Amino acid sequence: MQIVKTIQELRPIIQGWRKEGLSVGLVPTMGYLHDGHKSLIVKAVGENDRVVVSDFVNPTQFGVNEDLSTYPRDLERDAAVCKEAGAALVFHPEPEEMYFPDSCTFVDMDSLTKGLCGKARPTHFRGVCTVVSKLFHIVAPDRAYFGQKDAQQLAVIRRMVRDLDFGITIVGCPIVREADGLAMSSRNAYLNEEERKAAIILHESLALGEKMLEDGERDGAKIREAILGSLDREPLAKVDYVEVVDAETLEPVEDIHRPILAALAVYIGKTRLIDNFTFDAFK
Ligand code: AMP
């Protein structure tokens with residue numbers, strides 16, 4: 001497995017694969033890889049001849065007061081995970097490689113990005129769309145893999161690929177969880193012991209909402225209230241948002257009769273965690 005830091009080095013390698021008629025999969029990540037990331041890589045390896053994992057903490061998707069400088073990084077460990085999962089190449093550029101100092105072109109989106117995480121992070125999805133567009137141009141993969149853990153991101157990327165005719169198949173992958181239900185995240189590393197225990201409340205509260213849907217509840221407000229009520233019982237949890245939205249448009253839903261996404265962002269101490277579930281099992 002190769003580790004490549006520049007676009008100039010990367011392009012001929014991919015062109016070489018293309019000449020051989022090989023298919024290429026891309027797994028974009030910000031590194032500090034865990035089993036959630038690994039599941040994406042393993043799936044990509046199963047569906048493509050060569051898999052590129054990008055490992056880049058993208059500065060443009062962080063807001064000014066967010067955790068860009070403290071975001072955990074460990075290239076050596078990431079490389080071992082990628083190798084074990086069967087990736088052919090890790091692309092690990094420095095920010096200067098990805099952005100010119102006077103870079104002034106961005107990819108932005110009018111809908112889908114205003115609610116949910118976009119409310120508290122108004123520039124986040126512009127950064128995501130821009131970096132993912134760049135990676136798509138640099139790697140030109142057949143398929144790209146994204147986790148349902150970041151459900152809004154997945155919906156945004158699907159829409160961007162559709163609207164801008166990228167011609168890349170976007171593959172969504174299920175959320176991988178710790179044994180107690182906490183969704184795996186690089187940011188879980190920020191949690192102290194007490195916070196780690198408290199963080200289970202995200203999944204527990206969502207599970208409550210999911211059970212209500214399974215039992216036939218179709219009132220979005222009631223499900224939202226139940227999830228909020230459950231989160232309220234955990235003193236370390238501070239809610240950013242809980243929303244029940246249409247799975248495709250991401251618009252809030254009252255009367256549930258189409259696939260929905262129930263999503264939340266909650267601070268546990270200073271750490272902002274997200275989780276969600278989708279429901280489409282209508283009888
Ligand atoms: P990140 O490094 O956090 O930007 O994540 C890179 C990719 O891995 C994104 O597509 C995420 O949705 C996905 N991912 C992160 N955590 C998980 C998880 N627990 N389960 C599945 N996919 C995940």
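Because the structure is a prediction, the values reported are computed rather than measured. What you see below is based on every heavy atom in this structure, not just the backbone, and it leaves out hydrogens, waters and symmetry mates.
- A continuous path of Ile, Leu, Val, Met, Phe, Trp and Tyr side chains, each step under 4.5 Å between heavy atoms, connects Val139 with Phe56, placing both in one hydrophobic cluster.
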Stepwise side-chain contact (heavy atoms from CB on, under 4.5 Å) test for Leu273 and Leu191: CA-CA 10 Å; Leu273 300 176; Leu191 303 171; 4.2 Å; yes
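- A donor-acceptor contact shorter than 3.5 Å links the side chain of His37 to the backbone of His34.
- Ion pairing of Glu84 with Lys38 is present here, as a side-chain N (NZ or NE/NH1/NH2) and a carboxylate O approach within less than 4.0 Å.
- Between Arg177 and Asp275 there is a salt bridge, since a side-chain N of the basic residue sits under 4.0 Å from a carboxylate O of the acidic one.
- Within the 3.5 Å criterion, the main-chain N or O of Ala221 finds a donor-acceptor partner in the side chain of Asp219.
- Counting heavy atoms from C-beta outward, Thr60 and Arg126 have side chains that stay 4.5 Å or more apart.
- Both Val52 and Val132 belong to a single network of hydrophobic side chains, linked directly or stepwise wherever heavy atoms of I, L, V, M, F, W or Y lie under 4.5 Å apart.
- With hydrogens and angles disregarded, no donor-acceptor distance shorter than 3.5 Å links the side chain of Arg143 to the backbone of Ala44.
- Note that the NZ atom of Lys134 and the SG atom of Cys129 stand 14.0 Å from one another [nearest 0.5 Å].
- Taking CG of Leu250 as the start and CZ of Arg159 as the end, the distance is 8.0 Å to the nearest 0.5 Å.
- Using a 4.5 Å cut-off on side-chain heavy atoms (C-beta onward), Lys43 and Val171 make contact.
- Of the possible polar contacts, none joining the Asp150 side chain to the Gln153 backbone as a donor-acceptor pair under 3.5 Å is found.
- Cluster membership check: Leu228 shares its hydrophobic cluster with Phe277, using side-chain heavy-atom separations under 4.5 Å among Ile, Leu, Val, Met, Phe, Trp and Tyr.
- Atom NZ in Lys197 sits 14.0 Å away from atom CG in Leu182 (nearest 0.5 Å).
- Side-chain atoms of Val161 and Ile157, non-hydrogen and from C-beta on, do get closer than 4.5 Å to each other.
- Within a 6.0 Å radius of NZ in Lys238, other residues, nucleotides and ligands contribute 12 heavy atoms or fewer.
- In this model, no donor atom of one side chain and acceptor atom of the other lie less than 3.5 Å apart for Tyr71 and Asn58.
- With Ser39 contributing its side chain and Gly36 its backbone, the two residues share a donor-acceptor pair below 3.5 Å.
- Between Glu217 atom CD and Phe279 atom CZ the span is 11.0 Å, to the nearest 0.5 Å.
- With rounding to the nearest 0.5 Å, the separation of CG in Leu112 from CZ in Arg158 is 12.0 Å.
- The shortest side-chain heavy-atom distance between Ile274 and Asn276 does not fall under the 4.5 Å cut-off.
- Atom CD1 of Ile41 and atom NZ of Lys83 lie 14.0 Å apart (nearest 0.5 Å).
- Ring orientation note: the planes of Phe136 and Phe146 are nearly perpendicular, at an angle over 60° on the 30°/60° scale.
- The residues Glu9 and Lys5 are annotated as not salt-bridged, no charged nitrogen and carboxylate oxygen being separated by less than 4.0 angstrom.
- When each of Gln152, Glu66, Gln61 is paired with Arg121, the side-chain hydrogen bond (donor to acceptor under 3.5 Å, both in side chains) condition holds for Glu66 and for no other.
- For the pair Thr29/Tyr145, no side-chain contact is recorded, criterion being any heavy-atom separation below 4.5 Å from C-beta on.
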Distance-only criterion, 3.5 Å: show the donor-acceptor pairs between side-chain atoms of residues 86-98 and protein atoms not counting sequence neighbours.
from, atom 1, to, atom 2, distance (Å)
His92, ND1, Asp55, O, 2.9
Glu97, OE2, Ile7, N, 2.8

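- In this structure the side chain of Val107 reaches within 4.5 angstrom of the side chain of Leu164, judged on heavy atoms.
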List the atom pairs, with distances to 0.1 Å, where a side-chain N or O of residues 256-267 and a protein N or O form a donor-acceptor pair under 3.5 Å, not counting sequence neighbours.
from, atom 1, to, atom 2, distance (Å)
His257, ND1, Asp255, O, 3.0
Arg258, NE, Asp246, OD2, 2.9
Arg258, NH2, Asp246, OD1, 3.2
Arg258, NH2, Asp246, OD2, 3.0

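- Within the 4.5 Å cutoff, the side chain of His137 has heavy atoms near those of the Phe166 side chain.
- Within a 6.0 Å radius of CG in Asp215, other residues, nucleotides and ligands contribute more than 12 heavy atoms.
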Worked check of side-chain contact (heavy atoms from CB on, under 4.5 Å) between Val156 and Met109: CA-CA 8 Å; Val156 164; Met109 193 173 284; 3.7 Å; yes
Test log, rule side-chain contact (heavy atoms from CB on, under 4.5 Å), inputs Leu213 and Arg218: CA-CA 6 Å; Leu213 277 155; Arg218 294 293 178 262; 3.7 Å; yes
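- Tracing side-chain contacts under 4.5 Å through hydrophobic residues (I, L, V, M, F, W, Y), one reaches Val239 starting from Ile201; they form part of the same cluster.
- Within 6.0 Å of CG on Asn65 lie no more than 12 heavy atoms contributed by other residues, nucleotides or ligands.
- Within the 4.5 Å cutoff, the side chain of Met1 has heavy atoms near those of the Cys82 side chain.
- Tracing side-chain contacts under 4.5 Å through hydrophobic residues (I, L, V, M, F, W, Y), one never reaches Val51 starting from Ile138; they form parts of separate clusters.
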Sequence neighbours excluded and cut-off under 3.5 Å, please list the side-chain donor-acceptor pairs for residues 15-28, or say none.
from, atom 1, to, atom 2, distance (Å)
Arg18, NH1, Leu22, O, 3.3
Arg18, NH1, Asp142, OD2, 2.9
Arg18, NH2, Ala140, O, 2.8
Arg18, NH2, Asp142, OD2, 3.1
Ser23, OG, Asp49, N, 2.9
Ser23, OG, Asp49, OD2, 3.2

Pair Ile268-Arg272, side-chain contact (heavy atoms from CB on, under 4.5 Å): steps then yes or no: CA-CA 6 Å; Ile268 300 290; Arg272 185 176 179 279; over 6 Å; no
